[in-house]
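As the structure is a computational prediction, the values presented were derived from the model and not from experiment. Note: hydrogens, waters and symmetry copies are ignored here, and every other heavy atom, side chains too, is used.
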Amino acid sequence: GGRKVVLAMPHFFFWPFDIGRSRLDRERTRARTHIGDAVRMGVLAEEEGAELRVEGHLMGCELCREPSISLWESVREAADPPSIVQPYSCLRTRNAVLRHLEEGRALPGAAVTHLRECDGCADRFLGPAKALHTLEVDEEAAAAQD
């Protein structure tokens with residue numbers, strides 16, 4: 001028979017798309033789908049099991065660490081949006097938060113307000129972020145004492 005030619009393809013083919021892109025930016029692109037579909041759908045549907053898995057993910061994922069902490073800080077520091085802003089539902093807020101974490105999209109003011117007012121959504125997304133923020137502050141304080 002004929003000879004088989006096997007081409008070895010690298011897992012990630014970056015160049016030339018990588019020129020001028022930071023490592024974090026490349027990782028974020030790779031990370032865009034790293035929260036599994038089952039967990040994402042479960043979180044959007046407010047399933048308790050998926051909500052607990054997403055909390056664990058946020059606590060342990062290096063790619064989500066920075067956006068989680070910035071999420072916590074932005075909600076903590078945010079001014080109230082104008083009253084004419086249409087309020088966000090849990091579903092819309094959770095979708096906005098997932099897109100913020102994975103794609104680096106800005107979080108709309110109405111989503112920030114929802115996170116401040118809805119204990120369920122705040123527990124899922126701000127709880128882990130607050131814990132990470134506290135850990136980071138503690139680590140910086142410990143490093144400063146060395």
Side-chain angles (χ1 to χ4, degrees), residues 7-146:
L7 294 175
M9 285 298 291
H11 264 328
F12 297 111
F13 184 72
F14 286 136
W15 195 92
F17 313 106
D18 273 359
I19 296 173
R21 288 179 62 206
S22 69
R23 185 178 61 86
L24 187 69
D25 198 38
R26 287 196 307 271
E27 286 176 2
R28 182 170 284 135
T29 303
R30 227 177 21 239
R32 195 161 287 169
T33 56
H34 78 285
I35 295 176
D37 285 344
V39 172
R40 177 188 312 278
M41 291 298 124
V43 167
L44 296 176
E46 299 183 49
E47 288 172 10
E48 197 173 334
E51 291 179 335
L52 293 172
R53 288 209 304 279
V54 86
E55 284 180 52
H57 174 89
L58 294 178
M59 288 299 295
C61 177
E62 278 301 310
L63 292 169
C64 285
R65 184 181 186 119
E66 200 177 301
S68 273
I69 291 171
S70 73
L71 173 71
W72 159 246
E73 289 173 342
S74 63
V75 171
R76 190 182 62 180
E77 295 160 8
D80 288 324
S83 55
I84 49 173
V85 172
Q86 201 63 41
Y88 267 29
S89 64
C90 289
L91 178 66
R92 195 165 174 197
T93 298
R94 287 164 181 241
N95 190 43
V97 169
L98 290 169
R99 287 177 167 224
H100 169 74
L101 293 172
E102 290 197 318
E103 300 173 20
R105 287 196 190 181
L107 204 62
V112 171
T113 301
H114 181 95
L115 284 169
R116 288 170 139 184
E117 294 171 355
C118 174
D119 289 341
C121 288
D123 288 350
R124 294 298 160 250
F125 294 108
L126 297 182
K130 183 179 180 182
L132 287 169
H133 182 265
T134 304
L135 274 173
E136 197 162 88
V137 169
D138 291 348
E139 284 168 12
E140 285 170 12
Q145 289 174 351
D146 285 348

Pairs where residues 38-69 contributes a residue and the test ring pair (Phe, Tyr, Trp, His ring centres under 6.0 Å) is met, not counting sequence neighbours: H34-H57
Residue pairs involving residues 35-54 (criterion ring pair (Phe, Tyr, Trp, His ring centres under 6.0 Å); sequence neighbours excluded):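 Residue pairs with at least one partner in residues 35-54: there are none.
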Nearest heavy atoms of S70 and H100, plus distance in Å: OG-NE2, 3.7 Å
Over all atoms of both residues, closest heavy-atom pair of L132 and S68: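 In this case the closest contact between L132 and S68 is CD1-CB, 4.0 Å.
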Those residues that, when tested against E55, pass side-chain hydrogen bond (donor to acceptor under 3.5 Å, both in side chains) (two or more places apart):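 Partners of E55 under the side-chain hydrogen bond (donor to acceptor under 3.5 Å, both in side chains) test: R124.
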Salt bridge (Lys or Arg N to Asp or Glu O under 4.0 Å) partners of E136, counting only residues at least two apart: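 Once residues adjacent in sequence are excluded, the partners of E136 under the salt bridge (Lys or Arg N to Asp or Glu O under 4.0 Å) criterion are R65.
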Residues in salt bridge (Lys or Arg N to Asp or Glu O under 4.0 Å) contact with R105, at least two apart in sequence or another chain: E103
Any residue meeting side chain to side chain contact (heavy atoms under 4.5 Å, CB included) with [X], in chain and number order, not counting sequence neighbours:
X: C118; value: C90, H114, C121
X: E73; value: I69, R76, E77, H133
X: S89; value: L91, R92
X: N95; value: L44, R99

Donor-acceptor pairs are to be reported for all side-chain atoms of residues 137-144 against protein atoms at under 3.5 Å, with residues two or more places apart or in another chain.
none

R53 and its side chain to side chain contact (heavy atoms under 4.5 Å, CB included) partner, picked from V39, L58, V43: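 By the side chain to side chain contact (heavy atoms under 4.5 Å, CB included) criterion, R53 pairs with just one of V39, L58, V43: V39.
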Point-to-point distance, once rounded to the nearest 0.5 Å, from CZ of F125 to CG of L115: 8.0 Å
Distance in Å, I35 CD1 paired with L101 CG, rounded so as to fall on 0.5 Å steps: 5.5 Å
Carboxylate-amine/guanidinium proximity below 4.0 Å for R94 and E51: yes
Of all pairs that satisfy salt bridge (Lys or Arg N to Asp or Glu O under 4.0 Å), the ones with a partner from residues 125-135, not counting sequence neighbours: none
